[in-house]
Student: 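I am attaching a structure below and will ask some questions about it afterwards.
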Amino acid sequence: MPLWVTYPNGRGAVQLETQRVSRKPFSFFVFVFCVSTMLLHSGCVGVASPASNQMPVIKTQPASQMVSAGQTATFSVAADGNAPLLYQWERNGTPIAGAASSSYTTPPTTTADNSSRFVVIISDKAGSVTSNPATLTVTTANVAPSLISQPVDQTVTAGQTATFSVTASGTAPLSYQWYKNGTAIGTATSPTYTTPAETTSDNGARFTVTVSNAAGSVTSAAATLTVTAGAAAPSIITQPVDQTVTAGQTATFSVTASGTAPLSYQWFKNGAAIGTATSPTYTTPAETTSDNGARFTVTVSNAAGTVTSAAATLTVTAGAAAPLIVSQPVSQSITAGQTATFSVTASGTAPLSYQWYRNGAAVGGATSPTYTTPAETTSDNGAQFTVVVSNSVGKVTSTAAALTVNAATFLLSATPASLTFGNVNTGASSTLAVTLTNSGNSQVTISNVSISGAGFNASGLSAGQILAPGQGGTLNVTFTPAVAGSVTGSLAVVSSASNSPATIPLSGTGSQTVPHSADLSWTASTSIVAGYNVYRGVQSGGPYTKLTSTPVVLTIHTDSTVQSGQTYFYVVTAVDLNNLETVHSNEVSAVIP
């Protein structure tokens with residue numbers, strides 16, 4: 001049969017020769033496609049290919065199923081054809097992932113699945129055939145519970161808990177009751193039950209669960225609990241010993257314990273836990289006479305239990321002790337305009353007095369363990385700070401701490417340095433981000449953000465915002481062209497940075513949208529048909545998606561859902577009066593401008 005393909009621009013016609021392969025109940029056909037756009041000329045191309053006589057044949061169609069809610073349903077098909085046969089089940093016209101064998105079993109059903117229609121598409125190297133639809137009916141009858149997974153035996157150590165669980169199916173709601181050695185366990189009414197901390201007396205206990213609903217009940221197999229003797233509880237071998245120190249000195253307490261590792265320790269002073277005192281030995285800070293008579297204990301714990309030591313008493317005498325520096329002042333590095341803080345820790349008989357020195361000269365008013373300088377300048381770079389600690393017995397001078405003052409830098413960098421939006425349809429928007437980073441060592445304050453150029457807008461940073469050294473902030477720039485054409489602009493950020501203002505060039509082009517469509521036509525089948533289905537894919541050979549909700553009567557169809565710059569692949573099938581569908585026609589491709 002000759003196939004005529006016309007070009008809408010009127011430049012003539014081309015005659016293509018095709019061949020027909022007969023196939024019951026109707027003959028095969030070829031089709032052509034046309035690509036059209038409002039701005040470009042259109043053309044049509046026709047391709048024909050023969051079909052094989054050895055198509056898959058369905059011997060046994062899928063049968064409709066009726067199940068109760070909560071049950072599964074199984075559909076199956078029997079077919080002959082060229083091996084290997086490929087299967088794809090569909091539910092209500094949608095392919096079911098993984099359903100690729102001659103039978104398909106649904107998940108547990110709900111009443112929402114009632115009236116679903118299932119078909120299977122069977123393919124071989126010669127083509128494919130679609131089965132008759134099978135209908136799923138889901139009734140609301142109650143389904144008695146059944147156990148999917150049983151409770152499992154558990155082994156724990158004395159002092160631990162054990163958890164048993166069960167998985168059941170059946171009509172909701174399901175109720176659960178756990179039993180220990182045949183006796184119901186209080187509020188153990190969930191699919192999972194966790195025991196209290198176990199003892200060796202529970203060794204060999206058997207746990208079951210009964211699952212019930214309105215249709216009946218089922219009892220699980222018994223799971224056995226094994227409880228081993230486990231870890232040895234701690235015991236104290238050597239108790240902490242009373243200590244006597246002079247005010248200003250430290251005291252050290254220690255304990256020796258046995259038991260299954262790991263052992264953990266916590267020291268207490270007069271019954272109150274002492275911060276990080278969690279070792280076998282604890283050393284106090286420098287003591288004062290106010291701590292005289294304090295009592296120290298320690299608890300030792302492991303997985304099996306806890307033991308508390310006897311109390312050790314601290315005696316603090318009033319004998320004087322000269323000052324001793326426990327921690328020295330530490331060198332500091334700052335930026336010009338900042339302050340620096342130096343500190344010292346000392347022990348000795350109270351009261352202790354302090355005097356800080358800068359480059360050997362006493363700093364007026366600096367008479368505390370901590371000293372904070374005024375805001376520094378680069379002229380203070382290299383200054384040396386010491387402190388003298390005194391009491392009635394003597395005095396001690398600390399080591400020197402050096403001050404480093406770095407010059408202040410105020411820099412603001414932008415990434416990227418420019419924003420190019422490219423083509424954006426008029427009426428649409430495109431947003432790009434630019435990051436402003438404080439790349440200096442001093443705070444930078446944003447004082448103003450301005451933008452120029454038609455269609456450009458910015459958001460994200462506001463006047464008065466402060467960026468710390470290394471901190472970044474994001475500006476979102478949106479381009480919304482109102483008319484077609486190129487647009488340039490700029491984003492300016494004014495700040496306290498030395499390189500202010502930071503200017504970011506902007507550019508973009510407004511584009512008019514161009515609608516596209518693909519016009520399809522094909523030769524009519526010589527058999528009696530109810531219509532034709534049109535399919536489209538995005539890669540050659542499929543998979544294809546049906547474009548027509550019902551068969552079209554004519555031998556033409558327009559696909560108006562195509563996108564510019566895309567390539568599509570089309571095939572057509574014919575449908576007879578019994579809703580049987582042929583295999584796919586030859587495939588043609590369309591490149592959308």
Side-chain angles (χ1 to χ4, degrees), residues 7-11 33-45 411-439 444 446-463 465 467 472-495 497 499-520 536-540 545 547 558-570 589-593:
Y7 289 84
N9 60 11
R11 291 188 295 174
F33 74 88
C34 301
V35 179
S36 65
T37 144
M38 292 178 63
L39 301 182
L40 303 175
H41 67 265
S42 304
C44 302
V45 178
L411 295 175
L412 196 63
S413 59
T415 305
S418 63
L419 296 179
T420 302
F421 290 84
N423 293 325
V424 179
N425 290 336
T426 56
S429 296
S430 177
T431 300
L432 297 176
V434 59
T435 300
L436 299 173
T437 303
N438 182 350
S439 52
V444 171
I446 306 296
S447 57
N448 184 50
V449 177
S450 62
I451 195 167
S452 65
F456 293 110
N457 288 286
S459 63
L461 288 178
S462 57
Q465 188 163 344
L467 297 179
T474 299
L475 274 170
N476 293 312
V477 181
T478 301
F479 178 43
T480 308
V483 296
S486 298
V487 180
T488 59
S490 64
L491 175 67
V493 180
V494 180
S495 67
N499 60 340
S500 176
T503 302
I504 299 95
L506 310 173
S507 64
T509 301
S511 300
Q512 293 287 357
T513 58
V514 178
H516 295 77
S517 64
D519 294 328
L520 312 174
R536 184 182 74 189
V538 294
Q539 61 185 19
S540 180
T545 299
L547 299 181
T558 298
D559 181 8
S560 59
T561 63
V562 296
Q563 299 295 321
S564 176
Q566 298 291 318
T567 299
Y568 299 94
F569 300 86
Y570 295 91
S589 62
V591 179
I592 309 302

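When a residue number appears, it is its place in the shown sequence, counting from 1.
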Student: Answer with yes or no whether the side chains of S429 and T480 bring together a donor and an acceptor at under 3.5 Å.
Tutor: yes
Student: I need the minimum non-hydrogen distance between L412 and S439, along with the two atoms involved.
Tutor: N-OG, 4.3 Å
Student: Would you please name every residue forming a ring-ring contact (aromatic ring centres under 6.0 Å, His included) with F569, sequence neighbours left out?
Tutor: none
Student: List the atom of L461, the atom of V449, and the distance in Å for their closest heavy-atom pair.
Tutor: O-CG2, 4.0 Å
Student: For the atom pair CG (L506) and OG (S418), what is the distance rounded to the nearest 0.5 Å?
Tutor: 8.5 Å
Student: Does any donor atom in the side chain of T478 or T431 lie under 3.5 Å from an acceptor atom in the other side chain?
Tutor: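 There is such a pair between these side chains.
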Student: Between A433 and T474, which heavy-atom pair has the shortest distance, and what is it?
Tutor: CB-CG2, 3.9 Å
Student: Name the residue from V538, I592, V591 that meets the side-chain contact (heavy atoms from CB on, under 4.5 Å) definition with T567.
Tutor: V591
Student: How far apart are the closest heavy atoms of L475 and V493, and which atoms are they?
Tutor: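 Looking at all heavy atoms of both residues, the closest pair is CD1-CG2, 3.8 Å.
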Student: How many angstroms lie between atom CD1 of I446 and atom CG of L467, to the nearest 0.5 angstrom?
Tutor: 5.0 Å
Student: Taking the side chain from S452 and the backbone from S490, do they hold a donor-acceptor pair closer than 3.5 Å?
Tutor: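 It does hold such a pair.
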Student: Quick one: pull up OG in S486 and CG in N423 and give me the separation to the nearest 0.5 Å.
Tutor: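 Atom-to-atom, S486:OG and N423:CG are 8.0 Å apart.
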Student: Determine whether L419 and L491 satisfy the following criterion, side chain to side chain contact (heavy atoms under 4.5 Å, CB included), listing intermediate values before the conclusion.
Tutor: CA-CA 9 Å; L419 296 179; L491 175 67; 5.6 Å; no
Student: Using only atom types and a distance under 3.5 Å, with no angle test, would you say the side chain of T437 pairs donor to acceptor with the backbone of S413?
Tutor: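 Between the backbone of S413 and the side chain of T437 there is no qualifying donor-acceptor contact (under 3.5 Å).
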Student: Under 3.5 Å, is there a donor-acceptor pair between the D559 and Y568 side chains?
Tutor: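 No, because no side-chain N or O of D559 sits under 3.5 Å from a partner of the opposite role on Y568.
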Student: Look at the aromatic rings of F421 and F479 and report parallel, tilted or perpendicular, splitting at 30° and 60°.
Tutor: tilted
Student: For S560, what residues pass the side chain to side chain donor-acceptor pair (under 3.5 Å) criterion, not counting sequence neighbours?
Tutor: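 Expected list: none.
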Student: How close do T558 and S517 get, counting heavy atoms only, and between which atoms?
Tutor: CG2-CB, 4.0 Å
Student: What is the minimum heavy-atom distance between A417 and P505, and which atoms define it?
Tutor: O-CD, 3.3 Å
